[in-house]
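Just below is one structure, and these are the notes that go with it.
Per chain, numbering begins at 1; letters A, B, ... match sequence-line order.
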Amino acid sequence: MKTLLLLTLGKSAAIAIGVILGLIIIAQICAVAYLLITRSKHSSAKVSARSVLHVGPGRFFNSHRRSAKNAIVDTFIYLLLVVISVVWVFPFFYLILTSLRAGTFTASTLWPKQFTFDNFVWLFTDKEYNFLSWYINTLLIAIVVSVINTLITLLTAYALSRMRFKGRKALMKFMLILGMFPGFLGMICIYYILKMLGMIGSQMSIVGLMLVYVSGTMMGYYVSKGFFDTISKSLDEAAMIDGASRARIFFSIILPLSKPIIIQTILGAFVGPWGDYMMASYIVGAGGTNFKTVAIGLYQMIDTQQKMTENFCRFCAGGVVVSILPIVMFFFMQRYYVAGVTGGSVKG
Amino acid sequence: MRQISSLEYLSMSRVTRAWYKFLSFFAGIPRAIGRFFRSLPAKFAALGRKIGDMFVGVWDAIRYGNWKTRLSLLFWGTGCFAYRQIGRGIIYLLYEILFVLFMTFFGAEYLGKLGTLGTVETQELPSGFKIVGDNSFAILLYSMLTIVVIVFTAVVMLKSLKDAYSNQLGYSIAQRAATMKDDVGQLLNHKFHLTILALPSLTLALFTIVPLMFMILVAFTNFNRNTLPPEHLFSWVGFDNFTAVLTGQAKGLSQNAAKWSYTFWTILLWTLEWAVLATVSNLILGMILALVINKKSIKLKKFWRTCLVTVVAVPQFISLLLVSKMFLSNGVMNTILGYMGLEPVRWMNGSTNLTKAMVVIVNLWVGVPHTVLTCTGILMNIPDDLYEAAKIDGANPVKMFTKITFPYMMFVLGPSLITTFVGNINNFNIIFLLTGGSSGIPNAKLASSAGDVDLLITWLYKLTVNDSQYDIASVIGILIFIVVAFFSLVVYSRIGSVKNEEDFQ
């Protein structure tokens, strides 16, 4: 046992060292860049009024006195950014490229010989795979789940953030501990319940899946609670002096102020079902083709070598179609998303 | 580790100081854990006291209460009817009737069978008749439901008694008890939390707590593909599953227990390595990129960020499945390497370590944009006056970074690091969609469908979906909980940002 552990440890350590070395190299590059920027400022020991006015977080790398060195560093950074953004975007570029590829799939060339929309047409007309019903199922689940989850999350977060009641701390600790169990564990039980009710393998399995997505939502209150915590309590107090009830405060004061977090919660709950494979595959994975979600359907489209050759271009087309809605929503609401992510944790 | 005086600490060089801090972090872990376990008795005592406090009021109510109060212990709501709280009284009484009906026709039957999980097996007689026997699954599930209902009912019962007693006390002073209208008004005002937590709590109890209680108990049974209800019965086996998975010694199990334990320890080790690698690599690269993109002289900030963030917007199963196909030996990555005149790399089917490296790299691709987004937000939120003050005191940018930017970021990111780490322990998507849990090299030493790149969570998934080994699966689930709880405990007890919450506020 022990030798075995050591052996695995050795192998994995090799990978670890490799990855960390790579990271260190990147870190070094950046550190050098950083030092180069800062050197120019070392020399100016005297603190001018101008420089005092110009410091700040955004201006941390203060560069109003640009030197040649700074220019070199910037070029270096731009180079890094270009490489990184190419690496980051390339798979999606490849996704779109392959979705327009004619014929069966080979990866011998990057650029397709012939462009076609056949894959998209196939997706919406093929009766065996029935992509359209997957899409409708997923959309249905996403809408229902996002409404219910947003409601539950916001209500819980408000109660735990603003109200002080007996058992509040205990409830929070209890949910923290509950959240440490893998969510999939309870799924086994829920699967059998759904099976007993005859919901597996029928249209009702979609409802079952909604139940699964709704089940643990209460535990995801942290971010929203953090956001509510940042809204000043004096607002509540002023309203209470004016005779407003807790319910009124929630609906007429807190909710209008919480637009970013509401939108982020809706978005998170909406996008969740689009990307989930684990839960969905257990509930609807073995059912009929009409009762699947996009994740399960597309996964099963390419799960063997032969299917992969036959369907990969179609899979990419499906991927493009599925991604459109989440991407549009995401970029439309990105402003709120950023505010929501940090608003919950930062008290600036 | 030796304690050193502050004079010694100050006389150290900067490098030794950092090394000292690093070591003392880890040296402090055993002590922190020891402290936690030593404080456990006190914590339990406090819990006991709290529960005891609940009953003190009850004892008072019984001792000093009049006949109305005492009667409401038997017929709930009596104390409310007597003081003209008709609505409240009806609710209590109705609840009591419903509870008694529930217990007689449903709960008692299943609770009674909980000890054996059923004794009559379903069988088909040669004559074609079918004897419908006990269903172990239903017995265990409904028993859990009944237990939850009983606990809730106990709370309601005590509440009714306390209501009656406080009515009795209040009656002698104010001559008037709260009416139904008052109660409803309170539900929207000072007791608004009851109103808004009702729905969330109900979903939590029914769909999370009951299933979890069920699954925890399954770890002590032999519920697997050989004993599937309703055709078969399963029964209690005590700690056999745990000893099989942890030590490889099994008494009652027919399976090869040594295999279970070998698989578990191998996978646990890789899970921990993976979680550390993924978290640390993401944090470092994400922080660097955020700093670089937010450097003042860099133009097109939004563009760079958007390039990164596309990954966040695309559903994970698409991007990960796509990338998994790109990394196949006949995939497009090798095509590109070919364009550049390099040898193809066998990321899959090559070696375990290569596949593991690929997973860590792809995880960077998926995870870094999240870190960049968060870090950008933090950088924008650092108060200007901190920098102004530092500048006036003559601090150079390096100092500002190490004393302001970095501590501030760690302060905000610290608690979320635990979440990220735990999230990586349970990172199903990236392992399963990318590799299916295996590098393609069969390893005969691993049990059932486990592969050499599997995490505990993907193994749990496979045990459930492919093998129907629910007993082992729930043991693994509980062990995952223990691992996660252990690390949360360590980090919570050691990380400064949890303790010094006021530092930056």
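- Using modelled atom types, no side-chain atom of Thr458(B) and backbone atom of Phe432(B) make a donor-acceptor pair closer than 3.5 Å.
- The only member of Tyr277(A), Phe184(A), Tyr192(A) that meets ring pair (Phe, Tyr, Trp, His ring centres under 6.0 Å) when paired with Tyr282(A) is Phe184(A).
- In terms of non-hydrogen atom pairs under 4.5 Å with chain B, the most contact-rich of Gly183(A), Gly216(A), Pro182(A), Gly318(A) is Pro182(A).
- Of the atoms belonging to Tyr221(A), not a single heavy atom falls under 4.5 Å from chain B.
- Heavy-atom distances place the side chain of Leu141(B), and not its backbone, under 4.5 Å from chain A.
- Here the straight-line distance linking atom CD1 of Ile288(B) with atom CD1 of Ile77(A) works out to 11.0 Å at 0.5 Å rounding.
- Ranked by heavy-atom pairs shorter than 4.5 Å toward chain A, the options Val276(B), Val218(B), Val314(B) are led by Val314(B).
- When the candidates Val322(A), Ile84(A), Leu155(A) are compared by the number of heavy-atom contacts under 4.5 Å with chain B, Leu155(A) comes out ahead.
- Looking at Leu171(A), the atoms closer than 4.5 Å to chain B (heavy atoms on both sides) all sit in the side chain, from C-beta outward.
- Listed options Asn426(B), Ile480(B), Leu322(B) were ranked by heavy-atom pairs under 4.5 angstrom with chain A; first place goes to Leu322(B).
- Interface remark: Met278(A) contributes backbone and side-chain atoms alike to the contact with chain B (heavy atom separation under 4.5 Å).
- The distance from the CG atom of Asn353(B) to the CG atom of Asp452(B) is 9.5 Å, given to the nearest 0.5 Å.
- No part of Phe487(B) comes within reach of chain A, as not one of its non-hydrogen atoms sits under 4.5 angstrom from that chain.
- The minimum heavy-atom distance between Cys189(A) and Met215(B), with the atom names listed, is N-SD, 3.9 Å.
- Heavy atoms of Ile336(B) lying under 4.5 Å from chain A belong exclusively to its side chain.
- Options Val271(A), Leu211(A), Leu325(A) differ in how many heavy-atom pairs under 4.5 Å they form with chain B, and the most are formed by Leu211(A).
- A side-chain donor-acceptor contact under 3.5 Å links Trp304(B) to the backbone of Lys299(B).
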CA sep, side-chain torsions, deciding dist, call: Phe90(A), Met326(B), side chain to side chain contact (heavy atoms under 4.5 Å, CB included): CA-CA 11 Å; Phe90(A) 173 73; Met326(B) 286 168 66; 3.5 Å; yes
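- Residues Met218(A) and Thr208(B) have side chains not in contact (no heavy-atom distance under 4.5 Å, counting atoms from C-beta outward).
- If you measure heavy-atom distances from Leu47(B) to chain A, you find no contacts under 4.5 Å at all.
- For Met308(A), the part lying under 4.5 angstrom from a heavy atom of chain B is the side chain only.
- Within the 4.5 angstrom heavy-atom criterion, no atom of Met240(A) approaches chain B.
- Residue Met329(A): no heavy atom, backbone or side chain, is found under 4.5 Å from chain B.
- Between Tyr461(B) and Phe428(B), the distance separating the two ring centers is shorter than 6.0 angstrom.
- Ring geometry for Phe181(A) versus Phe481(B): interplanar angle under 30°, hence parallel rather than tilted (30 to 60°).
- Contacts between Val82(A) and chain B at a heavy-atom distance below 4.5 Å involve backbone atoms as well as side-chain atoms.
- Comparing Leu178(A), Ile327(A), Ile188(A) by heavy-atom pairs within less than 4.5 Å of chain B, the highest count is held by Ile188(A).
- Heavy-atom distances place the side chain of Leu289(B), and not its backbone, under 4.5 Å from chain A.
- The backbone N or O of Ile152(A) sits nowhere less than 3.5 Å from a side-chain atom of Thr217(A) that would complete a donor-acceptor pair.
- Only the side chain of Ile457(B) comes within less than 4.5 Å of a heavy atom of chain A; its backbone N, CA, C and O stay farther away.
- From Thr310(B), atom OG1 reaches atom CZ of Arg305(B) across 13.0 Å, with rounding to the nearest 0.5 Å.
- Most heavy-atom pairs under 4.5 Å with chain B, from the set Ala170(A), Cys316(A), Ala159(A): that is Ala159(A).
- Residue contact with chain A, scored on non-hydrogen atoms closer than 4.5 Å, is absent for Leu202(B).
- Both the backbone and the side chain of Val311(B) have a heavy atom closer than 4.5 Å to some heavy atom of chain A.
- Among all heavy-atom pairs drawn from Ile476(B) and Leu456(B), the shortest one is CG2-O, 4.0 Å.
- For Ile249(A), no part lies near chain B; criterion is any non-hydrogen pair under 4.5 Å.
- Between chain A and the residues Ile209(B), Val323(B), Leu206(B), the most heavy-atom pairs under 4.5 angstrom are made by Ile209(B).
- Of the two parts of Ile177(A), the backbone and the side chain both hold a non-hydrogen atom closer than 4.5 Å to a non-hydrogen atom of chain B.
- To the nearest 0.5 angstrom, Thr156(A) atom OG1 is 8.5 Å from Leu199(B) atom CG.
- For the options Ala390(B), Ser201(B), Gly338(B), Ser319(B), heavy-atom pairs under 4.5 Å to chain A are most numerous at Ser201(B).
- Ring geometry for Trp274(B) against Trp270(B) counts as tilted: the plane angle lies between 30° and 60°, on a 0 to 90° scale.
- With respect to chain A, the highest number of heavy-atom pairs below 4.5 Å among Val309(B), Asn135(B), Val210(B), Ile293(B) belongs to Val309(B).
- Judged by distance alone, with hydrogens and angles left aside, the side-chain atoms of Arg168(A) form a donor-acceptor pair with the main-chain N or O of Leu160(A) at under 3.5 Å.
- Between chain A and the options Trp365(B), Phe207(B), Phe214(B), Phe303(B), the largest number of non-hydrogen pairs under 4.5 Å is found for Trp365(B).
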